[in-house]
Amino acid sequence: MEEVDHPRGLDMALSLASTSSSASIPIVIFLPDGNGIEFQVEDGKNANCTDLINFLVTERHYPLEFKEFFSLWLVSPLLRVQLKPSHVPFRITQKWIHFLKKFTLSSDEDMRIDEPVVKVMKNCFIPLADERAVKNPTMIELFFNEARNAYLEGRYPLGDDNAYDRVAAVLAHLELGVFDATRHTLNFLTPKMLNFYPVTQYEKREGVVWQRKQLEQKLLEQYRLRTTTTAQIDLMKEFLEDCRSLPFYGAAFFDAQVERPVGRLGKLKDHHDVDVWVAINRDGICIMEKKKSQELLLGMPFKQICWNVADPILEDTSAGLPCIVLQFQGQLLQVFSKQALMMDAYIDSCVLGLKKSGGSDEVDSSVKHSLSDSYSRLNSQTGLRNQLNKLRLHPVPKR
């Protein structure tokens with residue numbers, strides 16, 4: 001076993017495609033902290049996810065509960081997919097361009113150079129209550145590293161600028177230790193800002209120096225309050241609880257588009273669809289804008305929505321993309337995506353898990369889950385709120 005610093009994924013394994021299928025090949029698995037672990041795997045071309053997870057647990061001395069909470073994913077700049085225990089990563093990477101053509105809108109050139117890596121990420125179908133019950137420090141650190149990655153990538157928008165400053169101060173405390181006025185000055189913090197804030201929060205101030213300085217000053221003010229020595233594991237827990245309060249925590253993210261509202265000029269004005277992430281977890285579904293501040297547009301627990309993969313309501317709005325239709329509050333929202341069938345499958349899996357766990361007596365094929373705490377906090381103290389005015393909604397057709 002060897003720890004590697006740079007993403008190589010299965011490229012070494014792929015280079016050995018001409019060797020016998022039972023050959024020992026090197027496979028790199030990336031952990032949530034970004035480090036890659038290289039294994040020499042016998043019959044690696046046929047090793048499934050269960051084999052690799054077992055190997056990882058043995059070599060890294062992870063607790064057995066690791067197998068329950070974490071899965072192997074194939075992740076690239078263009079697509080990320082949670083693998084099933086029976087999936088063989090090597091075989092899927094051999095067909096990667098097929099999946100890119102089926103599930104993305106990427107150009108031929110982007111698909112040609114895209115390469116997935118095998119990465120350890122959370123199993124999206126595990127209930128949050130089960131995760132909160134975990135006490136093992138190694139597991140907590142794994143949860144923390146994945147949540148920090150999602151936060152810094154902009155996948156966990158907080159809604160309120162003050163919340164960003166507070167959470168950034170927790171990360172600063174964790175990385176830099178207790179605040180020290182002689183060391184932790186503005187000049188010291190400035191080059192480290194992207195360790196504490198999502199890139200979108202910082203880069204949206206690009207070219208506006210005073211706004212960036214203001215952000216750095218706000219971090220300094222919050223960090224200055226952290227004068228008590230705190231164990232690293234407790235700081236990780238503090239950060240995790242902030243993330244776990246979000247309705248999209250631990251979700252699988254899908255690329256999609258939604259329609260903008262039609263203005264007074266109607267079709268006389270060119271209306272471009274909005275690029276969004278659709279985040280699906282055990283509790284419900286959220287839609288957030290990908291650009292700008294990654295703001296939340298819609299968050300609904302399964303109990304309050306119905307859905308179906310269907311034809312577009314208006315033929316001229318789909319651009320030929322598959323469509324998943326969400327029905328809530330007597331209105332319909334069209335979500336266009338080549339990943340519509342994947343979203344539908346994820347929702348069905350979440351619902352099946354709820355049925356097995358007895359999570360709601362009301363779960364059926366169209367009504368899905370009791371209202372979770374994270375959704376009940378929308379429109380309240382979190383600063384996150386549904387922004388239906390930014391979505392084009394259609395009336396439910398009369399029968």
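All values reported here derive from a predicted model rather than from experimental measurement.
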| request: Under the side chain to side chain donor-acceptor pair (under 3.5 Å) rule, what do D110 and S107 come out as? Steps first, then yes or no, please. | output: CA-CA 5 Å; D110 286 343; S107 67; 3.3 Å; yes
| query | Once you round to the nearest 0.5 Å, how far does CZ of R244 lie from OH of Y249? | reply | 4.5 Å
| field | Donor-acceptor under 3.5 Å (N281 side chain, P247 main chain) | value | yes
| Between N48 and K84, do the side chains contain an N or O donor and an N or O acceptor separated by less than 3.5 Å? | no
| field | Side-chain heavy atoms of R132 within contact of L240, under 4.5 Å | value | no
| query | Does the side chain to side chain donor-acceptor pair (under 3.5 Å) test come out yes or no for D43 and N46, once each step is laid out? | reply | CA-CA 6 Å; D43 195 19; N46 296 313; 2.8 Å; yes
| request: Decide whether N136 and E65 meet the rule of one side-chain donor and one side-chain acceptor closer than 3.5 Å. | output: no
| remark: Correct closest heavy-atom pair for I53 and S71 would be CD1-C, 4.5 Å
| message | Do Y197 and L225 sit in one hydrophobic cluster, given that two such residues count as connected whenever their side-chain heavy atoms are within less than 4.5 Å of each other, even indirectly? | response | no
| task | Report the residues that fulfil side-chain hydrogen bond (donor to acceptor under 3.5 Å, both in side chains) with K119, sequence neighbours left out, ordered by chain and then residue number. | result | none
| message | Ignoring hydrogens and geometry beyond distance, is a side-chain donor-acceptor pair present between N123 and E68 at under 3.5 Å? | response | no
| field | Straight-line distance of I27 CD1 to E38 CD, nearest 0.5 Å | value | 10.0 Å
| field | is_close_aromatic(Y346, F254), centroid dist under 6.0 Å | value | yes
| Q222 to R226 - nearest heavy-atom pair and separation | O-CG, 3.7 Å
| note | CG of D108 to CD1 of I97, rounded to nearest 0.5 Å, is 7.5 Å
| query | Are K290 and D255 ion-paired here, with the side-chain N under 4.0 Å from a carboxylate O? | reply | yes
| query | Side-chain contact, heavy-atom cut-off 4.5 Å: L326 with V335? | reply | yes
| Student check: side-chain heavy atoms of I37 and F30 closer than 4.5 Å | no
| About how many Å separate CG of D161 and CG of L215, when rounded to the nearest 0.5 Å? | 8.0 Å
| request: State, with a plain yes or no, whether a side-chain heavy atom of I285 is found less than 4.5 Å away from one of I305. | output: yes
| query | Can you tell which of V278, V274, L296 makes a side chain to side chain contact (heavy atoms under 4.5 Å, CB included) with I287? | reply | V278
| query | With ring centroids as reference points, do H173 and F179 lie under 6.0 angstrom apart? | reply | no
| field | Side-chain donor or acceptor of D234 paired with backbone N/O of T230 under 3.5 Å | value | no
| query | Within the side chain of E289, is there an N or O that forms a donor-acceptor pair under 3.5 Å with the backbone of V276? | reply | no
| field | Distance-only polar pair, side chains of D180 and T182, donor-acceptor under 3.5 Å | value | yes
| task | Only one of L74, V118, V81 passes side chain to side chain contact (heavy atoms under 4.5 Å, CB included) with I92; say which it is. | result | L74
| said: Quick check: do R155 and M288 have side-chain heavy atoms less than 4.5 Å from each other? | reply: no
| query | Transitively linked via ILVMFWY side-chain contacts under 4.5 Å: Y156 with V199? | reply | yes
| Parallel, tilted or perpendicular: which describes the rings of F302 and W307, with under 30° parallel and over 60° perpendicular? | tilted
| Which of parallel (below 30°), tilted (30 to 60°) and perpendicular (above 60°) describes W96 and F99? | tilted
| query | Rounded to the nearest 0.5 Å, how far apart are CG of L56 and CZ of F66? | reply | 4.5 Å
| How close do P157 and L246 get, heavy atom to heavy atom, and via which atoms? | O-CD2, 3.9 Å
| query | Is H394 close to E259 at the side-chain level, that is, under 4.5 Å between some pair of heavy atoms? | reply | yes
| request: Could you pull out all residues at least two apart from H87 that satisfy side-chain hydrogen bond (donor to acceptor under 3.5 Å, both in side chains)? | output: none
| field | Nearest-0.5 Å distance that lies between atom CG in D33 and atom CG in N149 | value | 8.5 Å
| field | ring pair (Phe, Tyr, Trp, His ring centres under 6.0 Å) pairs, two or more places apart, involving residues 130-149 | value | F69-F143, F70-F143, F144-F239
| message | When you group the ILVMFWY residues by side-chain heavy-atom contacts below 4.5 Å and let the links chain together, are V178 and M236 in the same group? | response | no
| request: Without swapping roles, check the side chain of Q334 against the backbone of C323 for a donor-acceptor pair under 3.5 Å. | output: no
| Checking N145 side chain against E141 main chain: does a donor-acceptor pair fall under 3.5 Å? | yes
| said: Which heavy atom of A252 sits nearest to which heavy atom of W73, and what is that distance? | reply: CB-CH2, 4.2 Å
| salt_bridge(E295, K390) N-O dist < 4.0 Å | yes
| Got a donor-acceptor contact below 3.5 angstrom from the S106 side chain to the M111 backbone? | no
| task | Report yes or no: does K192 contribute a side-chain atom to a donor-acceptor pair with the main-chain N or O of A172 at less than 3.5 Å? | result | no
| query | Between D273 and Q257, what is the shortest heavy-atom contact and its length? | reply | OD2-OE1, 3.6 Å
| request: For residues G250 and C124, report the shortest heavy-atom separation together with the two atoms involved. | output: O-SG, 3.6 Å
| said: Between K218 and E221, does any side-chain N to carboxylate O distance fall below 4.0 Å? | reply: no
